[in-house]
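Take a look at the structure set out below.
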Amino acid sequence: MTFALSSLVVIPLVSALLLALCARFRVGLFVCRALAALGALVTLGVAGTFVASFDVTRTGFQSVEANSWIPALGIDFLFGIDGLSVGLIGAVAALSFLIILGTERREQGFAGQLCLLLLCEASALGCLISLNLVVFIICGEFLTLALAAFIGSSGRGECHVVASRYAMRGAVGSLLIAVAVAVAGVALFDRTGIWSFNLLAVPGASPLAQLAVPTESVWNAQFLDARIWLVALVLGVGLRVPFVPFHANVRDLVACAPPAALAWIVAIALPIGIYTLLRVAVPLFPEASAQGAPWVSWFAVAGLVYSVALACAQSQLRGLVFVTSLAYGAFALLGIFTFNVQGWNGATVFTVTHVLTSGMLMLLVGMLETRRETSAIADFGGIARPMPVFGFFLLVAGFAFVGLPLFAGFISQMLLAFGAFLANPRLAAVALLAMIVLAGVWVRSIRRVLLGPIDRDENRSLIDLGVREKSALALALLMILWMGLAPRPLLRRVEPSVIETLDRVQDVVPRAGDLVDPGS
Amino acid sequence: MVADGSEPLLRWIPFLPLLAVGLQAVRIGVVRRATSARLSAVLATLALTGSFAIAMVCFFRMVALPAEVPALADVVTTWIGTGVGAERFTATLGLRFDPLSGFLVLFISGLSLCIHGFSVVSQQSDRGGSRFYAALGFFTGGALIFALADNLILLFFGWQVASLGQAALSAQVYEERDGTRGAAMALAIHRAGDFAFLLGALLGLAALAKIGEGTLDLRGFVRALVASRDALPELGWGGGRIARADVVAACFALATVSRCVPWVIARQATRAPLEVVGFVFAGVSSLLGVVLWVRFAPLLAETGGLHALLLWTGTLGAFASSWMAWAQLDLSERLLRTAASQRGFVLAALGCAAPVAALFHIVVMTGVHSLLFLCAHRVAALRDRGLDLTRAPGLGPSYWKLHLVFAVGALALAGVPPLAGFFSRSEVLVSLAEASVFGSDWALWILIATSAGVSYITIAAWLTLFWRKQGAVYPGLSESRDEFERWQAAPLWALATFVVFGGLLGVPQAIGDLSALQMADSHSLENLLAPLLSPERPTASSETVYGISFVLLVAASLGACLAQRRVMSTPAFIARIDPSIARLRTGLQWGPLVLARARSSSRWAAGYAASAFERLDRAVFGHRRVAWAGSWLLRRALGPMHSGRLPLALAVSLAATLAFLWGWRP
């Protein structure tokens, strides 16, 4: 059976609309969850067929679907997948299903939250399959708005303020990305006289991705240097992800956002940010990227070290997952700007593995909060005794998150580290040390939560995971294990696209080993 | 290079224990049945028996291989293959059974089988028996993978799995803080080793990739690093004076040290079950570190300064640990310190570039300490968990079999010939005598004195426990209890046999040649047995060392016997010397007290630093600061516009962008 790629957006969108109707007519919560799970499951099935039928022997985009929207401006509904996006599509669809399955039912606003979750899924998948950068930005903005609405729906503290701040930051980030993309579009127009924001050539238009905006100004004015627009793009992604030092809202999000929303921000918004850099930033501004690579690498390592320090200071499990994800995001940023196949493979695989590992951890945190209304590490201790199954999953998910071999996280981290060592051993050594410290922080936190004596009476009567929760976590664990034990299917899908993109980029980029430190 | 012989059975050697762990995890975690420890024990023991049997089969098949085939190999699948050109690397899930791996696999699985067999009875009454077997199986599986790994990634995997298994055994009594802190310490120390391991591997790999020699194959990696030592690109560290190969070697040396640090063992094993302390904490954990050194020996041979550092770390660690052992009044605590002391010997051997002696000593000491800790477990069981040496009842007359096996272990640890401990320790001392590392002469004398101290301590413990007259009966002692419960005798006899015949058969030369053979890729039975049949003549220095250590041993033994005799015969003497001994012991405990205070202070400082950092982060990157920085930037960028007109500024920017998009140019 063949599906149109746009069905990945349409199915969750239709499910969301149906759920909105259910919420309006106050249908039972069980039916709402079943409907949402069905929509997510069908989407997962469709995504699975695309992943399975992806031809690893071909390079370029596959399953392309083109529909015109505003031809005068070169804005089309142009969808397609390649190695950079195919794994992430599968992971996003899988995690959406798991979040819907694993999220605890709330009496108020549950149907609305499920509806928002499906909207998030539709937006994220729209981002990933879109080959037109304007549609890509619009989907990204929809994702931000849906997440902001989700955050606002929690009812915790000043959640509305936090949600509006999140939306504002996302909007500023999107604006910066939009401006950079617009500049590239204008540059293409100046050269060819054709408006196009497509990454793939369609009749009557040139692909934007092959433009490769040169460093020197296309308009012979200093302030329009391509490096400025690259910085704008990276800043935009940094604001949306967020990267350090744009992490001011992390504290608020940790305090207010519901666990499912946090899972989305950490496990899906962050990998989509990395994907944006892989898909948009470097291919559009390759020369500027190469020139700025040493600076970005230093920035990434500084962000990584700072994130690790932040992780040491976290007192809540949800904050720890969030900040650790920031650190991993910085590590992936370092991998991207190594400009070698290992680093790019690592960054791309990271987008897939991080979805599952951090998503599973956030699910676990949500399950804990459902029982205790807190995720403060100091409030727990010894809960492996009343909750052995939870303890088992937390232990395994934690180890997978910090990159124990044979789990999915190890593959991406090893590739990123190897890429970094090929490009700059000194920076890579610092990054590796930070990652090891981060793993130590995780082990310490897991120990404090699971082991030791039970100091608080509330923890003695904690109820272990139910069948639904176990099923969601077991599925996530199976995928993590499968990717760790047999990463070749994923790598075979990823690598041709990575090599193709890097080949295009490296026409104007020096060899990775020739990159120099900014100080020298 | 000649290809290895294919042997698909190899994968089952580490897989069977891990499979048993997986089944137990499913039983404990998912099915959540009321798990009986006995079923877990049977499952784990059967799995390990299978593993041991397969290892035996593989060993004999390896011996029967034609001379031109170097070893057995089993490539399960290609795990990762990525990159292009010289930077491409491929990692297989592949195992290799060469003479050294074969010996290690037989030793680890055999010893683990003994521990499993012994624990079938002891653990079934304890809470968490299933967890115990899962953790032990995990550790054993990891160690077996490490021993068989043929590439760096699998080696690292085995290294980490064994580390996690060790931590899980530390935290066996996880409801108590001591257990979890022991696990945390084990993990923290091992994380340092992990970092060093990864740093060394990645630095080496990246350098080799740059010169087109990149490989993850273990032997290929070491060979290529040694062969192209001078051709490797510089790191630029230390003003270019530090060669990359030296950094890689130092990293692997540090990884080894992380498994052999003498003074952490007592803390790591505080709450671990007594049955596994000797096998895991005092033995195989360090053995893995030494094996890592042996695997990288060609690379590590040329790092002089590092050797001196290791030699002195080991020497001082051994000396301090032996004195700490003397201060202990609990048998298990005393044995833990003697184990730490033997780790110091191992480090010293590595420091004088004698990995074979280190390997031999740690193998023998693993057996000896396993035996002694199993005996300690029986003693504790007979005395209702009491191991206090000051309340010794003199178990000897009633429990002669236990007495005999404990005596074998204690005398081997003391270094009494012809038991294996005498040979292994003497090998270390001879290596030291022949070494030309900085301060090796002084280190030799310190270690000889330490040997005498260990001999005294061990013999005194043995005499106290078993020879003392049964005057005041220990309160918990029950005369009616069986000496060994079912199945517990066989593992103890097997271990005692190993300790006795390991020395008699000349294991030192055998293992020495095994490791040499591993490097030379030769495995014929004649070669394996040749060192046993015709051991080398001892050199002049070895004769001297053997002589001195023997004399000191006799003196220490006599001293222990005399002291024990006086202790036994004159209670007034005890009353007189007891306060002074107590004072001395208090003095010896001063070091740990300072360390404990330093630890608590550092914990407090870390907490304070974390909260201060959090406040700093909030101050620097909080919303107000960011908003202020944003408005400042806007003011600067937009010139005369007042920050109060921010919406206007944004609107103008948006309009300008739109106009720009539609073709307007400034």
Side-chain angles (χ1 to χ4, degrees), chain A residues 165 175 179 182 185-186 219 221 244-249 251-252 309-310 312-313 340-342 345 382 384-385 388-389 392-393 399 404-406 411 414-415 417-418 421-422 425-426 428-429 432-433 436 439-440 443-444 447 450-454 464 470 474 485-488 491 495 499 513, chain B residues 25 28-30 32 77-84 87-89 153-154 156-157 160-161 164 171 174-177 179-180 183-184 187-188 191-192 194-195 198-199 202-203 205-207 209-210 235-237 606 609-611 613-614 617-618 620-623 625-626 654 657 660-661 665-666:
Chain A
R165 277 183 191 159
L175 185 67
V179 170
V186 171
W219 299 287
V244 171
F246 310 111
H247 63 282
N249 60 342
R251 202 172 292 110
D252 294 338
L310 273 178
C312 294
N340 54 43
V341 176
Q342 313 296 1
N345 272 344
R385 171 64 61 193
V389 180
F392 168 74
F393 278 117
F399 286 148
L404 188 78
L406 294 196
I411 305 298
M414 187 198 63
L415 289 171
F418 187 43
F421 270 92
L422 281 172
R426 274 186 282 187
L432 186 65
L433 181 60
I436 294 284
V443 169
R444 185 190 65 173
R447 174 176 74 90
L450 293 182
L451 309 180
I454 303 179
D464 209 352
K470 276 185 202 171
L485 285 168
R488 284 189 80 206
L491 280 170
E495 195 161 59
I499 292 172
Chain B
I28 298 168
V30 182
R32 193 77 198 281
T77 180
T78 301
W79 187 19
I80 305 171
T82 171
V84 285
E87 291 170 4
R88 179 168 183 82
F89 71 87
I153 293 186
L154 211 55
F156 184 65
F157 176 64
Q160 283 224 311
V161 168
L164 289 174
Y174 68 82
E175 297 92 340
E176 294 180 14
R177 283 197 209 286
T180 62
L187 280 175
R191 286 314 287 182
D194 294 346
F195 170 66
L198 277 177
L199 187 62
L202 287 168
L203 273 177
L205 204 56
K210 284 199 184 289
L235 275 172
W237 293 357
S611 68
F613 179 75
E614 227 263 339
D617 178 64
R618 193 190 296 260
V620 175
F621 294 113
H623 281 297
R625 296 283 174 188
V626 171
L654 193 61
T657 309
F660 188 77
L661 286 178
R665 299 284 182 274

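Note that the coordinates shown come from a computational prediction; the quantities given were computed from them, not determined experimentally. Each chain gets a letter, A, B and so on, in the order the sequences are listed, and its residues count up from 1.
Interface remark: of the candidates Ala486(A), Cys312(A), Gly382(A), Ala309(A), Ala309(A) forms the most heavy-atom pairs closer than 4.5 Å to chain B. Contacts with chain B were tallied for Ala417(A), Ala313(A), Pro405(A); Pro405(A) has the most, counting heavy-atom pairs under 4.5 Å. Per-residue heavy-atom pair counts under 4.5 Å with chain A were compared for Ile80(B), Asp194(B), Val161(B), Leu154(B), and the maximum is reached by Ile80(B). When Asn345(A), Leu415(A), Ile499(A), Ile436(A) are compared by the number of non-hydrogen pairs under 4.5 Å with chain B, Ile436(A) comes out ahead. Considering only heavy-atom pairs separated by less than 4.5 Å from chain B, the leading option among Leu450(A), Leu485(A), Ile454(A) is Leu485(A).
Rounding to the nearest 0.5 Å places CZ of Arg385(A) at 11.0 Å from CG of Leu451(A). Atom CZ of Phe418(A) is separated from atom CG of Asn340(A) by 8.5 Å, given to the nearest 0.5 angstrom. From Leu203(B), atom CG reaches atom CZ of Phe421(A) across 4.5 Å, with rounding to the nearest 0.5 Å. Expressed to the nearest 0.5 Å, how far CZ of Phe195(B) lies from CG of Leu433(A) amounts to 4.5 Å.
Proximity to chain B (any heavy atom under 4.5 Å) is restricted, for Leu491(A), to the side chain, taken from C-beta onward. Only the side chain of Ile411(A) comes within less than 4.5 Å of a heavy atom of chain B; its backbone N, CA, C and O stay farther away. Looking at Arg488(A), both its backbone and its side chain come within 4.5 Å of chain B, counting heavy atoms on both sides. For Leu198(B), the parts lying under 4.5 angstrom from a heavy atom of chain A are both the backbone and the side chain. Heavy atoms closer than 4.5 Å to chain A are found in the side chain of Leu164(B), but not in its backbone. In this structure, no portion of Thr77(B) lies under 4.5 Å from any heavy atom of chain A. Only the side chain of Phe399(A) comes within contact range of chain B, with at least one heavy atom under 4.5 Å from a heavy atom of that chain. Residue contact with chain B, scored on non-hydrogen atoms closer than 4.5 Å, involves the backbone and the side chain of Ala384(A) alike.
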Query raised in the report: What's the verdict on side-chain contact (heavy atoms from CB on, under 4.5 Å) for His247(A) and Leu310(A), showing C-alpha distance, side-chain angles and the deciding distance?
Result: CA-CA 10 Å; His247(A) 63 282; Leu310(A) 273 178; 3.7 Å; yes

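Closest non-hydrogen pair, Ala429(A) versus Leu199(B), comes out as CB-CD1, 3.7 Å. Closest non-hydrogen pair, Leu422(A) versus Lys210(B), comes out as O-NZ, 2.8 Å.
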